[in-house]
Protein chains: 2
Amino acid sequence: MYELFFQNFNTKVALTKEEETLIKNYLIPKKLRKKQYLLQENEVCKSYAFIEKGALRAYSVDDSGNEHIIQFGIEGWIVSDLYSFLTGEPATYNIDALEDSELVLISKTAHEELLQKLPKYETFTRLNITGAYIAMQKRLTSIISSPLEERYTNFTKAYPEIIQRVPQHMIASYMGLTPETLSRIRKRISAK
Amino acid sequence: MYELFFQNFNTKVALTKEEETLIKNYLIPKKLRKKQYLLQENEVCKSYAFIEKGALRAYSVDDSGNEHIIQFGIEGWIVSDLYSFLTGEPATYNIDALEDSELVLISKTAHEELLQKLPKYETFTRLNITGAYIAMQKRLTSIISSPLEERYTNFTKAYPEIIQRVPQHMIASYMGLTPETLSRIRKRISAK
DNA sequence: AAAAAGCATTGATTTTGATCAATGCTTTTC
DNA sequence: GAAAAGCATTGATCAAAATCAATGCTTTTT
């Protein structure tokens with residue numbers, strides 16, 4: 001249990017056995033069946049989740065009722081509505097499972113206590129956010145600067161696993177496109 | 001000197017006089033005239049900059065030679081090509097001054113030493129990145145989910161200072177639009 | 001003070017992606 | 001194993017933004 005979590009932690013900051021035990025006391029395991037929610041809009045996000053197994057998505061719903069996928073997550077990734085988690089404001093995202101999944105939850109209070117008690121946990125947190133920031137900045141740059149075909153091929157190169165496991169219309173949503181448009185882009189690409 | 005920097009630092013993590021002095025030894029002041037570069041594409045980004053005064057922008061240039069503004073920064077903000085700074089890879093962004101500016105530079109080696117020596121500096125760093133992450137996520141969500149008019153009004157509400165100080169065609173670039181389109185959107189909005 | 005450069009706006013046209021609609025698969029569900 | 005739901009694709013039409021082009025202001029530069 002928590003194998004991947006600690007493997008991931010140790011590649012970022014090496015832990016002693018005692019430290020691992022300390023952290024384990026704060027972790028909460030959670031299983032989610034496909035389509036079940038981890039978080040719903042307007043709830044407060046009370047924990048963030050490390051994905052041990054499975055796949056999830058975070059999405060928002062606009063005024064016209066259309067879903068927009070903000071983020072995917074698979075094994076080894078973290079999903080959350082970070083804004084809600086940190087501020088205590090109601091979440092603007094929904095998070096649900098795309099496959100049966102196993103999560104490790106870190107509650108807000110656990111997070112705060114660990115930050116106090118264990119400097120290595122703060123380092124872990126800092127590195128996680130930094131990585132997430134850089135990934136998101138790449139995505140944003142790609143959206144603003146690159147033509148659609150390139151954006152799609154970049155995505156397939158960067159996240160081949162996601163392409164395998166997620167239906168195409170969700171990739172379209174993630175890219176801010178309709179499924180029809182993505183289908184046509186793929187056709188254009190394969191014509192080359 | 002460094003007034004705003006330490007004011008900002010202290011609102012995030014309170015420092016003793018000794019700690020301030022320690023940190024001061026690592027800081028490098030830099031003045032930049034309007035249009036001067038802080039960083040150019042393909043250089044390695046060797047420091048990040050806290051803005052004491054002035055305004056800067058980070059932008060990328062695509063294959064067709066078009067500029068795309070990734071980020072603005074004014075007093076109290078941090079600008080950098082974080083990816084290049086952290087990995088040592090060549091920068092993909094250019095950063096230049098939109099006004100005569102005064103910066104506080106923190107070099108890569110200073111950053112690493114401070115992280116080692118001073119836990120409060122790590123907390124400062126973590127909070128900075130977290131804030132930047134949340135701001136960027138809002139921007140991304142807005143791009144994917146909101147109609148253009150709303151995106152523009154959101155932007156004006158969130159960053160009225162930027163609107164005041166930055167020419168409109170740069171706002172358009174930041175939004176991923178042509179100047180003509182933004183002009184027409186503004187016309188539509190004011191017609192209401 | 002004149003010339004040049006930068007900027008915002010408007011109009012006409014073209015391109016691109018969204019929308020509406022239908023079809024054929026494949027995967028779930030009962 | 002039949003019915004239903006979910007999914008990707010294709011075609012036709014519509015809407016939105018980009019592009020091309022021109023004009024009148026400001027602000028810089030010299």
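Throughout, protein chains are lettered first and strands after them, A, B, ... in sequence-line order, and every chain is numbered starting at 1.
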Can you tell me how far [atom2] of [N] sits from [atom1] of [X], to the nearest Å?
X: B:Arg33; N: D:dT29; atom1: CZ; atom2: P; answer: 11 Å
X: A:Arg186; N: D:dT9; atom1: CZ; atom2: P; answer: 5 Å
X: B:Arg188; N: C:dT10; atom1: CZ; atom2: C1'; answer: 14 Å
X: B:Ile185; N: C:dA8; atom1: CD1; atom2: P; answer: 14 Å
X: A:Glu180; N: C:dT23; atom1: CD; atom2: C1'; answer: 13 Å
X: B:Met170; N: C:dA8; atom1: CE; atom2: P; answer: 9 Å
X: A:Ile171; N: D:dT9; atom1: CD1; atom2: C1'; answer: 17 Å
X: A:Leu148; N: D:dA17; atom1: CG; atom2: P; answer: 14 Å

Can you tell me which nucleotide in [options] comes closest to the side chain of [X]?
X: B:Lys34; options: D:dT28, C:dT19, C:dT9; answer: D:dT28
X: A:Ser183; options: D:dA17, D:dT19, D:dT9; answer: D:dT9
X: A:Thr181; options: C:dC20, D:dC7, C:dA18; answer: C:dA18
X: A:Gln168; options: C:dC7, D:dA18, D:dT9; answer: D:dT9
X: A:Lys187; options: C:dG17, D:dG11, D:dA18; answer: D:dG11
X: B:His169; options: C:dA8, D:dT10, D:dA21; answer: C:dA8

| request: Tell me, please, whether B:Phe5 has B:Lys24 positioned over its six-membered ring: NZ or CZ under 6.0 Å from the ring centre and within 45 degrees of its axis? | output: no

| message | Name the residue from B:Gln40, B:Gln36, B:Arg57 that meets the side chain to side chain donor-acceptor pair (under 3.5 Å) definition with B:Asp96. | response | B:Arg57

| remark: Exactly one candidate in A:Arg33, A:Lys34, A:Lys35, A:Arg165 meets side chain to side chain donor-acceptor pair (under 3.5 Å) with A:Glu99; the answer is A:Arg165

| field | Ring centre gap for B:His68 and B:Tyr174 strictly below 6.0 Å | value | no

| request: Taking the side chain as every heavy atom from C-beta outward, state whether B:Ile185 and B:Arg188 have any pair of such atoms under 4.5 Å apart. | output: yes

| task | With axes from five pairs an end, tell me the bend angle of the helix from C:dA1-D:dT30 to C:dC30-D:dG1, nearest 10°. | result | 60°

| If you pin A:Lys35 and A:Pro179 to their nearest nucleotides in DNA chain D, which one's is more 5'? | A:Lys35

| query | Going by the angle between their ring planes, with limits at 30° and 60°, are A:Phe155 and A:Phe72 parallel, tilted or perpendicular? | reply | tilted

| So B:Phe124 and B:Phe9, would you call those rings parallel, tilted or perpendicular, with 30° and 60° as cut-offs? | parallel

| query | If you look at every strand shown and take non-hydrogen atoms under 4.0 Å, does B:Leu182 touch a base, only sugar-phosphate, or nothing? | reply | nothing

| query | Base, sugar-phosphate, or nothing: which does A:Arg184 touch, judged by heavy atoms less than 4.0 Å apart? | reply | base

| message | Please give me every residue in residues 154-166 of chain A whose heavy atoms get under 4.0 Å of an atom in DNA chain C, ordered by residue number. | response | none

| message | Would you say A:Thr178 places a side-chain N or O within less than 4.0 Å of OP1 or OP2 belonging to C:dG17? | response | no

| Rounded distance (nearest 0.5 Å) linking atom OG1 of A:Thr123 with atom CG of B:Leu115 | 7.5 Å

| message | Apply side chain to side chain donor-acceptor pair (under 3.5 Å) to residues A:Ser145 and B:Ser60 and explain how you reach the verdict. | response | CA-CA 8 Å; A:Ser145 320; B:Ser60 68; 3.3 Å; yes

| message | Looking at every heavy atom in both B:Ser107 and B:Phe85, which two are closest together, and how far apart are they? | response | C-CE1, 4.1 Å

